[in-house]
Undergrad: 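Take a look at the following structure, please.
Just so it is clear, the model here is predicted, and its values are computed rather than measured. In the text below, chain A, chain B and the rest are named by the order of the sequence lines, each starting its count at 1.
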Amino acid sequence: MSGKPKLHYFNGRGRMEPIRWLLAAAGVEFEECFIETKDYLTKLQTDGSLLFQQVPMVEIDGMKMVQTRAILSYIAGKYNLYGKDLKERALIDMYTEAMMDLSELLMSYPFQPEDKKEQHLANAVDKAINRYFPVFEKVLKDHGQDFLVGNQFSRADVQLLEILLMAEECKPDILAKFPLLQQFKAKTSNIPTIKKFLQPGSQRKPLPDEKDIQKARKIFF
Amino acid sequence: MAGKPKLYYFDGRGRMESIRWLLAAAGVEFEEEFFETREQYEKLLQGGSLMFQQVPMVEIDGIKMVHTRAILSYIAAKYNLYGKDLKERALIDMYVGGTDDLMMLILVFPFLSDEDKEKQLAVIVQKATSRYFPVYEKVLKGQNFLVGNNFSWADVHLLEAILMVEEKKSDVLSGFPQLQAFKKRISSIPTIKKFLEPGSQRKPVPDDKYVETVRRVLRMYYNVKAI
């Protein structure tokens, strides 16, 4: 019996955030069940809700889906955000896998021990500026279109916007040398479903603060 | 211009092995170019062949594909090993996610210090027998394949994972009768049987020479810690 998708995670970004973004971009309303304590996580692990005892978990269309990639692929496929054929899919997959690598670096920054933070940030910024952003800047330059793949809005565009904003949170002028990415950011932010998600009061989660970090450490580590 | 897919990587397993398995299972012949020197690798880098400056890279159907998961998904879909609809795809993606997480624990193994190797071995066996194998054991009760009663990428990936863990602990499947039967069954599929025979493009367990080559060519992974 399907109703709205239901997201099981802690009340923060982590690995669930790209899923929130994609559902929001697709205009899909969703509910959230927040894991507040280690006991509740243990309960989910022992009652068989989590295939590999891990979150994110999303209840959708009668399935209890786990594995972030699997969930994102399913949503993208269902809501036509995965290109029109196998080759467009291949491009989308290559771009989004790379974005996930960068996201991992950016996302884990607040959780680094104090003495490792500076180096971690420097590495993340270096990778963003030298490895990842130049590729997407070039893709946009080469075809001159608004969207990354096939002249059509896809999950790759949603994920790119998310990453650009995360990167700017780490270093506000990080897009200085990437005019097309700046343009992309402005245009994509204006897409109605995304514009709504970017407004206060949406289900988008903020950067973790010290309290959130301590809480996550208690539940997950 | 279609020819055989061409794989660019080291002469060893690493992240490319799952791709070799899948191509072989699909009965697709492929060529390989192995990195022996830093210069070879830099040539590829400077030529712009590596989209994000990383390998694996597979030249297939006119695209220079990178990122293991993207490559595997493409091959699976192209050769009808990705289920018949969105929901079967979802199951396959979930199962492959699990076996991938398990195999990642083994991937780093050769790069660890001897002391860390011992610890990691315990982690691999513990995760395999308490987190991953029980899931697949349960799924396989009453069916021959993991998803949709049809051979898929998920089955190939699981067999690869099982064999890799067995290399670390030969009796690890005791207590998992379904997985034992699965292993026998999938190993006897003609394309897979061929891949398991000596002389195939399957790579052996990584040794010190492999580790040294990777470090020399990539100038990385000198100080890998157990996850």
Undergrad: Counting heavy atoms not belonging to B:E167, are there more than 12 under 6.0 Å from its CD?
TA: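 Counting neighbours around CD of B:E167, more than 12 heavy atoms of other residues, nucleotides or ligands fall under 6.0 Å, so yes.
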Undergrad: Are side-chain heavy atoms of A:D93 and B:Y74 found at a separation under 4.5 Å?
TA: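 When only atoms from C-beta onward are counted, B:Y74 and A:D93 do not touch, as no gap falls below 4.5 Å.
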Undergrad: Got a second to check how far B:L102's CG is from A:F52's CZ, nearest 0.5 Å?
TA: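 Spacing of CG (B:L102) from CZ (A:F52) equals 9.5 Å.
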Undergrad: Could you verify whether a donor N or O on one side chain and an acceptor N or O on the other, from B:D100 and A:Q67, lie under 3.5 Å apart?
TA: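 No, no side-chain donor-acceptor pair sits under 3.5 Å.
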Undergrad: Rounded to the nearest 0.5 Å, how far apart are CE of B:M94 and OG of A:S73?
TA: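 With rounding to 0.5 Å, CE (B:M94) is 11.5 Å from OG (A:S73).
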Undergrad: Select one option (side chain, backbone, both, neither) describing which atoms of B:K78 are under 4.5 Å from chain A's heavy atoms.
TA: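 It is both, since atoms from each part get that close.
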Undergrad: Chain B: which of A:K138, A:M63, A:K127 shares the most heavy-atom pairs with it under 4.5 Å?
TA: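 Of the candidates given, the most pairs with chain B belong to A:M63.
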Undergrad: B:L86 versus A:Y74: any side-chain heavy-atom pair under 4.5 Å?
TA: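 SC-SC contact between B:L86 and A:Y74 confirmed.
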Undergrad: Heavy-atom distance under 4.5 Å to chain B: side chain of A:M65, backbone, both or neither?
TA: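 The answer is both parts of A:M65.
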Undergrad: Counting only heavy atoms not in A:K185, do more than 12 fall under 6.0 Å of its NZ?
TA: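 No.
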Undergrad: How long is the straight-line distance from CD of A:Q54 back to CG of B:D101, given to the nearest 0.5 Å?
TA: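 Output value for this atom pair is 6.0 Å.
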Undergrad: Below 4.5 Å from any heavy atom of chain B, which atoms of A:F136 appear? Answer side chain, backbone, both or neither.
TA: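 Contact with chain B is through the side chain of A:F136 alone.
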Undergrad: How far apart are the closest heavy atoms of A:A90 and B:A70, and which atoms are they?
TA: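 In terms of heavy atoms, the two residues are closest at O-CB, 4.5 Å.
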Undergrad: So which atom in A:L51 and which in B:V135 form the shortest heavy-atom distance, rounded to 0.1 Å?
TA: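 Closest pair (atom of A:L51, atom of B:V135, distance): O-CG2, 3.2 Å.
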Undergrad: For side chain to side chain contact (heavy atoms under 4.5 Å, CB included), just list the numbers for B:Q53 and A:N130, CA-CA rounded to whole Å, side-chain angles, deciding distance to a tenth of an Å, and then say yes or no.
TA: CA-CA 10 Å; B:Q53 299 149 24; A:N130 293 309; 5.8 Å; no
Undergrad: Counting neighbours of OH on B:Y221 that are heavy atoms of other residues, nucleotides or ligands and sit closer than 6.0 Å, is the number greater than 12?
TA: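 12 or below, so no.
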Undergrad: Identify which part of A:K78 has an atom lying under 4.5 Å from any heavy atom of chain B, answering side chain, backbone, both or neither.
TA: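 It is both, since atoms from each part get that close.
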Undergrad: For atom CZ of A:R15, decide whether the heavy atoms of other residues, nucleotides or ligands shown that lie under 6.0 angstrom number more than 12.
TA: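 Check fails, neighbour count at 12 or below.
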Undergrad: I'd like to know whether NZ of B:K168 has more than 12 heavy-atom contacts from other residues, nucleotides or ligands below 6.0 angstrom.
TA: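 Yes, because the 6.0 Å sphere around NZ of B:K168 holds more than 12 heavy atoms from other groups.
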Undergrad: Taking side chain as C-beta onward, heavy atoms only, is A:R69 less than 4.5 Å from B:V96?
TA: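 Not touching, per the 4.5 Å side-chain cut-off.
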Undergrad: Are any of the side-chain heavy atoms of A:D101 and B:F52 separated by less than 4.5 Å?
TA: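 Not in contact.
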Undergrad: With rounding to the nearest 0.5 angstrom, report the CG to CZ distance, A:L50 to B:R131.
TA: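 Separation between the atoms: 9.5 Å.
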Undergrad: Heavy-atom cut-off 4.5 Å, strictly under: side chain, backbone, both or neither for B:R89 against chain A?
TA: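 The answer is the side chain of B:R89.
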Undergrad: Would the number of heavy atoms belonging to other residues, nucleotides or ligands and lying under 6.0 Å from NZ of A:K205 be above 12?
TA: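 Above 12, so yes.
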Undergrad: Is there side-chain contact between B:V66 and A:E97, with at least one heavy-atom pair below 4.5 Å?
TA: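 B:V66 vs A:E97: side chains apart.
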Undergrad: Would you mind checking which part of A:V66 comes under 4.5 Å of any heavy atom in chain B, side chain (CB onward), backbone (N, CA, C, O), both or neither?
TA: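 Both the backbone and the side chain of A:V66 come within 4.5 Å of chain B.
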